[in-house]
Amino acid sequence: MKQIALIAVLAATAVSLPIVMGENPYITGIMISVLMMAALSSAWNILGGYAGQFSFGHAAYFGAGAYTTLILLTLYNLNPLLCMAIGIVVACIIALITGSIVFRLRGHYFGLASIAVAEIVRLSVLNFEFTGGAQGILLSDVSLWGIDLNSKNPFYYGMLLVLAVTLGITAYLRKSKTGYYLQAIREDQDAAASLGINLSFYKNKALIISAALTSVLGSLYALYIRFIDTSAVLDLRLSIEIILTAIIGGVGTLWGPVVGALLLVPLAEMLRSNVLGDLLVKAGLVSETSAIGIFLKGNLAHAHVLVYGIITVLCILYLPKGILGLFRRVK
Amino acid sequence: MLDIQNLNAGYGEMPVLRAINLTIADGEIISVVGSNGAGKSTLLKAISGIIKSTGIITWNNELLQTLKAHAIVQRGVVHVPEGRKIFPDMTVVENLMMGGYLCQKDRQQNLDKVFALFPKLAQRRTQLGGTMSGGEQQMLAIGRGLMGNPKLLLLDEPSLGLSPLFTEVVFGAIRTINSSGVTVLLVEQNVYQSLSISHRGYVIETGRIVLTGTGEELLNNQEVKKAFLGM
Amino acid sequence: MKNKFVSIVAAALLVFPMLVQAAPVKIGFINSITGKEAQIGENLTNGAAMAIEDLSAKGIQVELVKEDDGGDPKNALAAYEKLVSRDNVIGVVGPYTSGCANVVASRADQYQVPLLVPAAAKEEITMKGYKNVFRLNAPANVYSKVLMDAVKVFKPKTIAYVYAATDFGVSTVKTAQENAAKMGLKEVANEKYQQGQPDYRPSLSKVKAANPDLVFLVSYDADAILLMRQAKEIGLAPKAFLGAGAGYTTAQFAQQTEISALVVSATQWTDDVNWPGAADFGRRYKAKFAKEPSYHAACAYEAMRIMAETASKSKNSAALRAALKTGSWSGIMGPVKFADYGGFTNQNNHPMLVQQIQSGKYETVFPAQFSKKKLIYPFKR
Amino acid sequence: MSFFQPLLSGILTGGVYALAGIGMSLVFGVMNISNFAHGDLMMLGMYLAFFAFTLLHIDPYVSLVLIIPIAFLFGYMMEKVFINRVIHHPHQNQILLTIGLGLIMSNTALLAFTSDPKILTTSYSSSAFNIPGDISISVPLLLSFLITSVIIAILYLFLSKSSTGMALRATSQNREAAQLMGINVAKMSAIAFGIGTALAATAGALIAPTYYIHPLAGHSFLLKAFTICVLGGLGSVVGAGVGGIIIGVVEAMSSTYLSTDWKDVIVFVLFLGVLLFRPQGLFGKKGGQ
């Protein structure tokens, strides 16, 4: 009961946030990024967290959604929702092929193979002509089928909806037979197989659900940014960011990915835009002309990826089970 | 001598051993018998420092739990693990040399001793460990343990999966090893064989010691007969 | 490193006193300080910093808000939206990469804050009719056009392409193919490569086997040197190597005289061009940053100068847009005017230059009105 | 065009790949960790070679006598301080830790050395000689191939004959059993990581005269090193050596006879093929987990 109330409050806050905040494109943009990363990481969590299959190639599904949508839109001007649906189909096909190859492998091999598949997808997109190759695809339209693409709110609610659906599926799976089977597979594949669980069926099921959701997010991203190329939507860095978010929040927990995204995305943005340095100066903690102030203003911009690396290392060393792992009761 | 008092151990948050008390005097063969999952292997792992434990394990009045696994080997407590765990891509001789990793000066002498005990290994010097049969691997595993100059040898299910013929060879070897002055702690499911060669024995059930006595006493015990010997 | 620190200190010191005076106008600068393009980004940073410094010496004050996009379009968009909504800038210079510039340009009309693109080459940025997007540099098609024009008189017959699989590489070669077709050049080899490979010999061997008159190259700093080294190794010797911008226009490349001699390249700017202040800028840049200025630095300098100068006279974005649209400037990049022509909107019809490495130095050799030296053709070692 | 030209240049380039792959394979075998910082460790070797050349005027190949011990110590310390703390954690945490460490290394290098690529030009950097059949052989590539061969031979002897080398192999074949032999497996991990780092840095230094030096330059070799160590069989030195040459030749052949831009795809397809049909690698033995 308490849980339902909490979720209701969270949902109400999320829904009303853009209205309360007003039209601030910068803040709304960051919130969209938070929701997108939370949803991506939650979708990954179904496969990685519950089935224990650590895919390092989720960028492939994100890219599949993004590319399918923009290619179909620019070439045939199809309905965006139809494009998204076809994107899901493409992602599922890639997932099925991937699954049939990589699910025979375990541990390190699985992770490495998933990288190889994603790299093959990336390089193919880069080499083909119809994908725009290295030039990427630019969507010139500012509105599509009555949706104003310049407005942030449709994307905010779109991402929120996908996140809600992903969390809903995760919550349902947790309590379902499939969920138990997936967790059995995570704990011990051989034991699960000996209990008569069809490993390949359930792993593929988790992968397809995860890939389909990831693909929808890719479509939304493509429509939101209106320009895609391989380095933005198919890069290994994206796959890693998704995993990092889940691990920092708490792998295999319902809310872990959300917590991870709420923390990491704003942090990355603050480091990127050097808001952190600005805030310290404004709060009067550091004088702008002092050596520290100058260093913060000048160098933090260069060092933000370094800081990101340090945070990653510290989290893995000191929070190996993620933030939610700290609070989880001992079973 | 080995003295264990109030030992608790397990994996992660799951306790396996509860309040174990056990002593072994120098020169004894002691058996710990019990069914699958009773905690026998866990006991050996706790002694050899592979897993953490609470309570007290002392060997010649030195507390073992503060030592790392490799330091415990240095004290002469050598563990021959369940499932042999020999190095599959190394030859027989290389496997044995690894057993003598800490006492390289006695290596040649120990190698001769092992080959005298298991002549079969001498014939197979250059064969890769992974390509040997289960029985041969068990001889190799015990031989490898002997290479480390053990004062106390911990044997985990040496007869598991072996043919009766190999089982005979292995138990014969254990007796020979013991008569050369090595104390032996034997963990077995083969209750009859192991108790027959033991001075004393312990029966372990779901992580607790439920019975103890000389080998003969235990073999004649009604409970033991019913539970393990099918009588 | 030390120089960079000095420049940062200098920039910070410059920004500070301005805050005290009656709030100067704010302009934004989006650049790739981190990520794959960071190296070129640094040249832009330096150029922009010098522009602000020069203006301040002339008593023109603006407050510059710097943003990093790391080469990621999503970050570039966030940076632009931060600049327009949180920092309230009236104009923005940047971003550097074509991908980021594309995304930001497509939002400029929404927020009505003028964007001046200093160095991104992709044509479509100024071909969508955006009212608030201005571009200083010449787009991709000019790189190949000017190179072909320079060698036209020698009547080459065949051409081979070797280029990086990047946006710039692919777009430039596409336009080069169009220009080559117009000249009746026959394409005998087309080798696209992924950056960062250690071994280009197989591709170059193929090109050598095709024996072309011209080898048209698009590469970045490091792979340019690698490619030319391996070309020398296997004995690839066409009548001319034509390098489109980037890697073939760096001082580092010119210093490798063994492999770079007589390579022809297209560039937006040289320090021996007869545009006002170009030579002086080159000298001062070298003194300040202890390295040769690249054309990216010059583009950023001029874009920042034009933006800051115009912004300081305009009090808001609308006035700034009008002033950019109607104004004309003359400086280290020659005459600048944002015009509508040939499908472009607010595009400076910048004449690109062709330079050749002669005795280890870049010499401007084409077009004739900007150059002192003559093109050496065919290429002989 | 001659068939032997790409074959030869593929073999020679493959030598450097092999060295990168062997370092990875050793770490993989002994510690069961996929080291995503391997490319950054190569970068470390490149800069060491560069500074040895420009500041101390030592030839990059000669500078290996300095680079190998420095890199070994660096790797040893890195294992002691960071890696060994996650040795019992799930794979993904280990991978993310090495990714994080890689980010720290490459971005520290960016701050310290800027993103301007450095070019190490030796007197022989672009020299080549011809052998009959109009085949040109690059002098620096040939030199680095020879050095690689010597290093692989030394490493092979070390692992098969020396006591420490054998203990490393024992640890990689069965960590728990190695512990029961009295082998200090924590120390073996640190040694393995040290050797892996030294090999990565050596590969970086060897490629420096024919490549460029940049904080992110090692990344191009990371996935190749993984491919090589899977191809050769984890922990197999000879396997990784042959794997490196196979990758070099496949790349050269596919860019000669197919197309340059698809060659990486072909390498990854090969990688998946090996994983599917021979997951123990070309030289790994069945049963050796």
Side-chain angles (χ1 to χ4, degrees), chain C residues 1 3-5 32-43 162-165 170 190-210 220-226 228-236 247 250-253 255-259 291 294, chain D residues 1-2 5-10 12-14 16-17 107 110-119 121 123 125-130 134-141 207 209-221 224 248 251-257 259-265:
Chain C
M1 189 57 210
N3 282 310
K4 192 201 280 173
F5 186 64
S32 295
I33 299 173
T34 58
K36 280 185 198 154
E37 310 295 343
Q39 186 215 346
I40 295 173
E42 194 195 319
N43 293 327
V162 180
Y163 56 105
V170 176
N190 186 322
E191 291 291 313
K192 185 167 74 180
Y193 66 83
Q194 304 290 337
Q195 281 180 271
Q197 309 284 345
D199 185 15
Y200 298 107
R201 293 175 191 84
S203 299
L204 293 167
S205 301
K206 267 168 133 177
V207 173
K208 187 190 171 195
Y220 297 85
D221 289 41
D223 38 331
I225 294 174
L226 236 59
M228 294 306 289
R229 265 186 188 169
Q230 298 180 3
K232 176 171 183 279
E233 249 179 45
I234 63 158
L236 170 63
T250 63
Q252 203 174 17
F253 181 68
Q255 281 157 16
Q256 308 281 323
T257 46
E258 214 182 315
I259 52 167
K291 60 181 187 181
S294 70
Chain D
M1 190 178 24
S2 164
Q5 176 74 64
L7 180 69
L8 210 65
S9 84
L12 295 182
T13 313
V16 180
Y17 289 173
N107 284 283
L110 268 173
L111 282 179
F113 311 133
T114 76
S115 54
D116 279 337
K118 308 266 190 287
I119 299 287
T121 309
S123 53
S125 266
S126 40
S127 63
F129 60 87
N130 282 303
D134 197 25
I135 295 169
S136 84
I137 295 179
S138 153
V139 172
L141 267 192
I207 208 165
T210 53
Y211 198 64
Y212 57 89
I213 297 151
H214 185 268
L216 307 176
H219 290 191
S220 325
F221 298 93
K224 267 178 201 141
E251 280 191 0
M253 288 297 171
S254 48
S255 49
T256 306
Y257 295 104
S259 102
T260 311
D261 41 355
W262 287 96
K263 72 173 186 183
D264 285 343
V265 175

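Reminder, nothing fancy here: chain letters follow the sequence lines and each chain counts from 1. Excluded from the calculations below are hydrogen atoms, water molecules and symmetry mates; all remaining heavy atoms, backbone and side chain alike, are included. Since this is a predicted model, take the numbers as computed values, not measurements.
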Margin query: What part of D:D264 gets within 4.5 angstrom of chain C, counting heavy atoms only: side chain, backbone, both, or neither?
Written below: side chain
Next item on the list: Check step by step if side-chain contact (heavy atoms from CB on, under 4.5 Å) holds for C:K291 and C:E42.
Entry: CA-CA 12 Å; C:K291 60 181 187 181; C:E42 194 195 319; 3.6 Å; yes
Item checked: Option in D:K224, D:H214, D:K263 with maximal non-hydrogen atom pairs under 4.5 Å from chain C -> D:K263
Checklist line | Distance (rounded to the nearest 0.5 Å) between C:Q256 CD and C:I225 CD1 | finding: 5.0 Å
Next item on the list: Counting only heavy atoms closer than 4.5 Å, note whether D:T260 contacts chain C via side chain, backbone, both or neither.
Entry: both
Margin query: With chain C as the partner, which of D:S255, D:S138, D:G10 has the greatest number of non-hydrogen pairs under 4.5 Å?
Written below: D:S138
Next item on the list: State, without any angle test, whether C:S203 and C:E191 hold a side-chain donor-acceptor pair at a distance under 3.5 Å.
Entry: yes
Margin query: Is C:A38 in contact with chain D via its backbone, its side chain, both, or neither, using a 4.5 Å heavy-atom distance?
Written below: both
Checklist line | ring pair (Phe, Tyr, Trp, His ring centres under 6.0 Å) between D:Y211 and D:F221, intermediate numbers included | finding: CA-CA 12 Å; D:Y211 198 64; D:F221 298 93; 5.4 Å; yes
Margin query: Between D:F129 and chain C, with a heavy-atom cut-off of 4.5 Å, which part of the residue counts as in contact: side chain, backbone, both or neither?
Written below: neither
Note to self: Donor-acceptor pair, distance only, cut-off 3.5 Å: does the side chain of C:Q195 make one with the backbone of C:A165?
What the structure shows: no
Check: Can you tell me if D:E251 uses its side chain to pair, donor with acceptor, with the backbone of D:G14 under 3.5 Å?
Finding: no
Item checked: Structural part of D:S127 lying under 4.5 Å from a heavy atom of chain C -> backbone
Note to self: Please classify the contact of C:I234 with chain D as side chain, backbone, both or neither, using a heavy-atom distance under 4.5 Å.
What the structure shows: both
Next item on the list: May I ask you to name which of D:T13, D:L216, D:L12, D:I119 has the most heavy-atom pairs under 4.5 Å with chain C?
Entry: D:I119
Check: Contact part of C:Q255 toward chain D, heavy-atom cut-off under 4.5 Å: side chain, backbone, both or neither?
Finding: neither
Notebook entry, point to check: Residues two or more places apart in sequence or in another chain: which of them pass ring pair (Phe, Tyr, Trp, His ring centres under 6.0 Å) with C:Y163?
Noted result: none
Note to self: Heavy-atom cut-off 4.5 Å, strictly under: side chain, backbone, both or neither for D:L141 against chain C?
What the structure shows: side chain
Next item on the list: Report the residues that fulfil ring pair (Phe, Tyr, Trp, His ring centres under 6.0 Å) with C:Y193, sequence neighbours left out, ordered by chain and then residue number.
Entry: C:Y200
Item checked: chain D contact via C:Q194 - which portion, at a heavy-atom distance below 4.5 Å -> side chain
